[in-house]
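A short write-up of the structure that comes next.
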Amino acid sequence: MKLVANMWLRSGDASSANNFLAFLEDTLAKLKNKEVSLIRLDSGFFQSDILDYLEDSEKKYIIAAKFTHPLQRMIDTNNVWITLDEGIEICERIYQRDSWKTARRMVIVRQKIKESPKAPGKLLSLFAKAEIHRNYRYSAYVTNLDFAPAEVWRMYRGRGDAENRIKELKYDFGFDSFNLNGFYATEAALSFAMIAYNIMSLFRTFVLQEKTQKTLTTFRYRTFAIGAYFEKMGGRLVLKIALSKLVVQDQS
C-alpha cells in the first residue's frame with residue numbers, strides 16, 4: 001500500500017533510536033489487528049535494548065549492524081564465503097557482543113569495489129591496509145529469521161524503498177519546509193502533510209491502478225495541471241481535455 005503508518009516530531013538533535021521503543025509500541029497500537037511479519041531497521045537502531053524487546057515480543061527482525069571493532073575482527077577471521085554473483089560474496093556467523101545476553105545470527109555481505117564501485121557498505125577501518133579487505137565493501141545484518149543468508153539480504157534491501165517515501169514527503173509535500181514557531185503547530189502541519197500523502201497513495205492504488213506509482217510531481221504536470229471537463233454529446237458523457245491533438249504524418 002506504501003502508506004505512512006505513524007509519525008512523531010522530535011528535536012533535530014535526537015538520535016535515531018531515541019525513544020524508539022515507545023514509538024514502535026504506538027505504531028503497533030495504531031495498526032490494531034494488522035500482523036507485522038518483519039521489522040527492518042538501519043544501523044542507528046543496532047542496540048541491545050531494541051534487540052531484546054523484539055525477541056521478547058517474538059517479532060521477526062533484520063537490523064543493519066554497526067561496524068564496531070569486535071565485529072570487524074570477527075569478519076577478519078572468517079574464511080568461508082559463498083559466491084552469489086560476480087564480485088558478491090556472503091556468509092553467516094553466530095556473534096555475541098559483550099553487552100548481549102545471548103549470541104545472535106549475523107549475515108555478512110561483501111562486494112568487490114572493482115565490480116560494483118557504487119555498492120553500499122563499509123570498508124573495514126581496522127584492516128584498511130590489508131589486501132584482502134581493502135578491495136571490498138562490507139555490510140552486516142543481525143536477524144532472527146531462519147531464511148538462507150542470501151534471502152535475508154534480499155529482504156533487507158527492500159527496506160530501501162522506504163527512502164523513496166521519505167524523499168517524496170520532503171520534496172513533493174514540503175515535509176521539511178514547515179518550521180513554525182511552535183512545536184505542536186509544526187507537528188500539526190506535518191500530520192496534515194502525511195495525511196495528504198496517504199490520500200494520494202490511495203488515489204494512485206485504487207483509482208489510477210498503474211503498475212508503477214508516479215510521484216506527486218509527475219501527477220501535477222501530467223494530470224492535475226491539465227484542464228478538463230465533462231460534456232454530454234448525443235446522449236453520451238464525453239471528457240474534453242485541454243491538450244492539443246497530436247497529428248502523425250506518414251512520410252513513407
Side-chain angles (χ1 to χ4, degrees), residues 1-54 57 59 61-67 118 120 122 156-210 212-229 242:
M1 295 297 294
K2 298 186 178 181
L3 299 174
V4 179
N6 198 8
M7 180 213 71
W8 280 9
L9 178 65
R10 301 184 303 168
S11 171
D13 58 0
S15 66
S16 298
N18 180 47
N19 208 23
F20 167 72
L21 293 179
F23 174 79
L24 177 59
E25 289 179 342
D26 180 56
T27 304
L28 295 173
K30 284 181 167 63
L31 292 173
K32 296 183 179 179
N33 61 340
K34 302 293 188 300
E35 182 180 352
V36 177
S37 58
L38 179 64
I39 294 176
R40 298 177 293 196
L41 304 170
D42 64 29
S43 59
F45 304 90
F46 184 66
Q47 293 185 181
S48 300
D49 58 336
I50 294 176
L51 289 166
D52 291 340
Y53 173 87
L54 294 174
S57 57
K59 300 283 191 303
Y61 65 81
I62 308 173
I63 303 178
K66 291 181 180 177
F67 273 74
K118 295 184 179 180
K122 302 283 187 181
Y156 181 83
R157 289 167 65 194
R159 192 200 68 85
D161 187 50
E163 299 298 329
N164 295 326
R165 313 281 82 72
I166 296 172
K167 288 179 181 178
E168 189 173 2
L169 277 164
K170 287 176 63 177
Y171 302 127
D172 289 1
F173 291 82
F175 210 65
D176 60 349
S177 303
F178 294 100
N179 298 312
L180 308 180
N181 289 331
F183 178 90
Y184 293 108
T186 304
E187 186 176 52
L190 294 179
S191 295
F192 276 109
M194 187 187 74
I195 292 170
Y197 171 85
N198 282 343
I199 291 173
M200 180 57 61
S201 184
L202 292 170
F203 175 79
R204 288 183 292 205
T205 301
F206 293 107
V207 178
L208 299 181
Q209 298 183 2
E210 296 180 336
T212 58
Q213 290 198 6
K214 307 295 190 302
T215 63
L216 180 64
T217 300
T218 303
F219 287 134
R220 184 178 294 122
Y221 295 106
R222 199 189 74 173
T223 305
F224 302 125
I226 301 173
Y229 62 95

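Quick note: numbers below take in every heavy atom, side chains included, and nothing from hydrogens, waters or symmetry partners.
Of all heavy-atom pairs between Ala193 and Leu169, the closest is O-CD2, 4.2 Å. Summarising the geometry of Ala17 relative to Gly44, their closest heavy-atom pair is CB-O, 3.5 Å, with the distance given to 0.1 Å. Glu168 approaches Tyr197 most closely through the heavy-atom pair OE1-CE1, 3.6 Å. Phe46 and Lys66 make their closest contact through CD2-N, 3.4 Å (heavy atoms, listed as atom of the first residue, atom of the second, distance). Across every non-hydrogen atom of Phe67 and Lys122, the tightest pair is CD1-CG, 3.9 Å.
Put simply, OG on Ser43 and CZ on Phe45 are 9.5 Å apart, with the number rounded to the nearest 0.5 Å. Here the CD1-OG distance, from Ile39 to Ser57, works out to 7.0 Å after rounding to the nearest 0.5 Å. Taking CD1 from Ile199 and CG from Leu3, the interatomic distance works out to 10.5 Å, rounded to the nearest 0.5 Å. A distance of 13.0 Å separates CG in Asp42 from CD1 in Ile62, rounded to the nearest 0.5 Å. In this structure, Thr205 OG1 and Lys2 NZ are separated by 8.5 Å, a value rounded to the nearest 0.5 Å. Between Arg159 atom CZ and Leu38 atom CG the span is 11.5 Å, to the nearest 0.5 Å.
No donor-acceptor distance shorter than 3.5 angstrom exists from the side chain of Arg40 to the backbone of Arg157, with no hydrogens or angles considered.
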Pair up each side-chain donor or acceptor in residues 178-192 with any protein partner under 3.5 Å, not counting sequence neighbours, and list the distances.
residue	atom	partner	partner atom	Å
Thr186	OG1	Leu180	N	3.2
Thr186	OG1	Gly182	O	2.9
Ser191	OG	Glu187	O	2.9

For a quick test of your reading: what N or O donor-acceptor pairs under 3.5 Å do the side chains of residues 22-29 make, sequence neighbours left out?
residue	atom	partner	partner atom	Å
Glu25	OE2	Tyr53	OH	3.4
Asp26	OD1	Lys30	NZ	3.0
Asp26	OD2	Asn6	ND2	2.9
Asp26	OD2	Trp8	NE1	3.1
Asp26	OD2	Lys30	NZ	2.8
Thr27	OG1	Asn6	ND2	2.9
Thr27	OG1	Phe23	O	2.8

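Here Ser16 pairs with nothing under the side chain to side chain donor-acceptor pair (under 3.5 Å) rule; sequence neighbours left out.
Using a 4.5 Å heavy-atom threshold, the side chains of Phe173 and Met200 count as touching. Residues Leu51 and Tyr61 are in side-chain contact: their nearest non-hydrogen atoms beyond the backbone lie under 4.5 Å apart.
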